[in-house]
2 protein chains.
Amino acid sequence: MTRSALTREQVLDAAAALVRRHGPDALTMRGLAAELGTAVTSIYWHVGNRESLLDALVARTVAELGAIRPRGATPAERIVSVAQALRRELRARPHLVALVHERGLTERMFLPAQRVLVREVHAAGLRGAQAAGVVRAVQFHVVGHVLVERNRERAPAQSPGERDLWAARTAAESADGDPALARALARPVDTDRLFVRSVRALVSGLLDSGDGAVRAGPYSQ
Amino acid sequence: MTRSALTREQVLDAAAALVRRHGPDALTMRGLAAELGTAVTSIYWHVGNRESLLDALVARTVAELGAIRPRGATPAERIVSVAQALRRELRARPHLVALVHERGLTERMFLPAQRVLVREVHAAGLRGAQAAGVVRAVQFHVVGHVLVERNRERAPAQSPGERDLWAARTAAESADGDPALARALARPVDTDRLFVRSVRALVSGLLDSGDGAVRAGPYSQ
DNA sequence: ACCTGAACACCGTTCAAGT
DNA sequence: ACCTGAACACCGTTCAAGT
């Protein structure tokens, strides 16, 4: 199947396919060479080394995160819809996004969405540094949520996990005399619902007062 | 310096010291053996293999995350203070916490704080499933924020980064005719301030309406 | 300009053998 | 019960040599 000269694109394609299917650990230079039917050293000629190969894959993934269109009637709704769209995109490429995370470029990947958010925050009547603060708060919240979700999905069976902890006999005390709460915390998290709820609460809190409605106490910086 | 029989604790201590100083990658079985003045294979007898060694270190770290005392006058303030304390603890052990993250146990580490939060949410007048939702939203937000921060700290010089993007000549258009916003987004993020602000906004949004004040539009699940 | 095999310096892990 | 050296099967990378 080695019809002509090997190209950099072919190397990247094969590497991306390997990562997509079996994760980054499955990407070994020797395995990749075998897949391509060439000597290991040919790959080095085309992509330098393993690190820059991964760099290239990450760059591709960041570029793929494309246009995001807001939906909804009010600015708040539209901001929430942007957050949801971004979460969906990130979750559609688990392994490659994990690579992006590892290299600390998740934030970079979010940059195009910032522009969209700016427009909506303006529409909500905020401007300047205050508007920038809202954009960043939303950005951190969405990226953070996605990171937490990945974290949970990767987590093995946890002992004791929330389930055991809140279902235990001592749960009544822990739950501060609120069995319904203990039951709720013993159930697995519905991350879809939680995401929508918390984004709505955050956006609402940010747009209502600009600075958050909790009074600054003696411990506020 | 090899005075008596090697113990499991000694192995764990040496491994933890290595990770603390130079990160998890610096922890090789051969290097650890050299540090301890024993044969590589002795380590295997005591801790099984590298994976379970890391498991043990992670378990230690999770256990170390100790008691968190809320401070402040109102429940909202006290919830914010818990969030700040947790963030501080996590950021004090970057390498070990990174290991905890990699193994997907960040959430597990947060469990003790859940109990504290429950009490405060109760004090704020919420109960049952609604209170549980607030606890989880705060938890996700804090953990997410810390993950994003780690992500940013690991990130190399980004090109184009926020700086370049928003300081560019085209920023006027991107910023939707708001140069003050463009300047604000070109500045580096003050994560301390951002954290306090967003936690306050989130808590305020959650406690005010329980469900977030943004009206459910046609796209809400 | 592109590809190659051989070699180097690492890994984690296993095993049979010691005391 | 605890420790050992030798060996195995992997790595990523370099280098001198080919065409």
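As the structure is a prediction and not an experimental result, all values here were calculated from the model. All heavy atoms count here, side chains included; hydrogens, waters and symmetry mates do not. Numbered from 1 within each chain, the chains take letters A, B, ... in sequence-line order.
Atoms CG (B/Asp55) and P (C/dG12) sit 15 Å apart, rounded to a whole Å. Between A/Met29 atom CE and C/dT4 atom P the separation is 14 Å, expressed in whole Å. Protein atom CZ of B/Arg30 is 11 Å distant from nucleotide atom C1' of C/dA9, rounded to whole Å. At whole-Å resolution of the value, CG in B/Leu32 and C1' in D/dC3 are 15 Å apart. Taking atom CH2 on B/Trp45 and atom C1' on D/dT4, their separation rounds to 14 Å, with Å as the unit. Going from atom CG of A/Leu36 over to atom P of C/dC3 covers 11 Å, rounded to whole Å. Put simply, OH on B/Tyr44 is 17 Å from P on D/dA6, counting in whole angstrom units. Atoms CZ (B/Arg50) and P (D/dC11) sit 16 Å apart, rounded to a whole Å.
Across all strands, A/Ser42 comes closer than 4.0 Å to base atoms (heavy-atom distances). Contacts of B/Thr28 with the nucleic acid, taken as non-hydrogen atoms under 4.0 Å apart, involve only primed sugar atoms and P, OP1 or OP2.
A/Ser198 and A/His145 share no side-chain donor-acceptor pair at under 3.5 Å. B/Asn151 and A/His101 share no donor-acceptor pair across their side chains, judged by distance under 3.5 Å alone.
Applying the 4.0 Å criterion to OP1 and OP2 of D/dC3, one finds that B/His46 has a side-chain N or O inside that range.
For A/Thr38, the side-chain atoms get nearest to C/dT4 when compared with the rest of C/dC3, D/dT4, C/dT4.
Between A/Pro94 and A/Arg150 the shortest heavy-atom distance is O-NH1, 3.5 Å.
Checked against A/Val116 for a side chain to side chain contact (heavy atoms under 4.5 Å, CB included), the options A/Ile79, A/Val121, A/Leu86, A/Val82 give a single hit: A/Val82. Partner of B/Asp13 under the salt bridge (Lys or Arg N to Asp or Glu O under 4.0 Å) criterion, out of B/Arg8, B/Arg20, B/Arg60: B/Arg60 alone.
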Dot-bracket for DNA chain C, please, read 5' to 3', with Watson-Crick or G-U wobble pairs under 3.5 Å on both distances, ( ) within the strand, [ ] crossing, | other strand, . unpaired. ||.|||||...|||||.||
Step by step, work out the salt bridge (Lys or Arg N to Asp or Glu O under 4.0 Å) result for A/Arg93 and A/Glu64. CA-CA 10 Å; A/Arg93 305 155 168 81; A/Glu64 274 169 27; 3.4 Å; yes
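Annotation: side chain of B/Met29 is in contact with side chain of B/Leu53 (closest heavy-atom distance under 4.5 Å).
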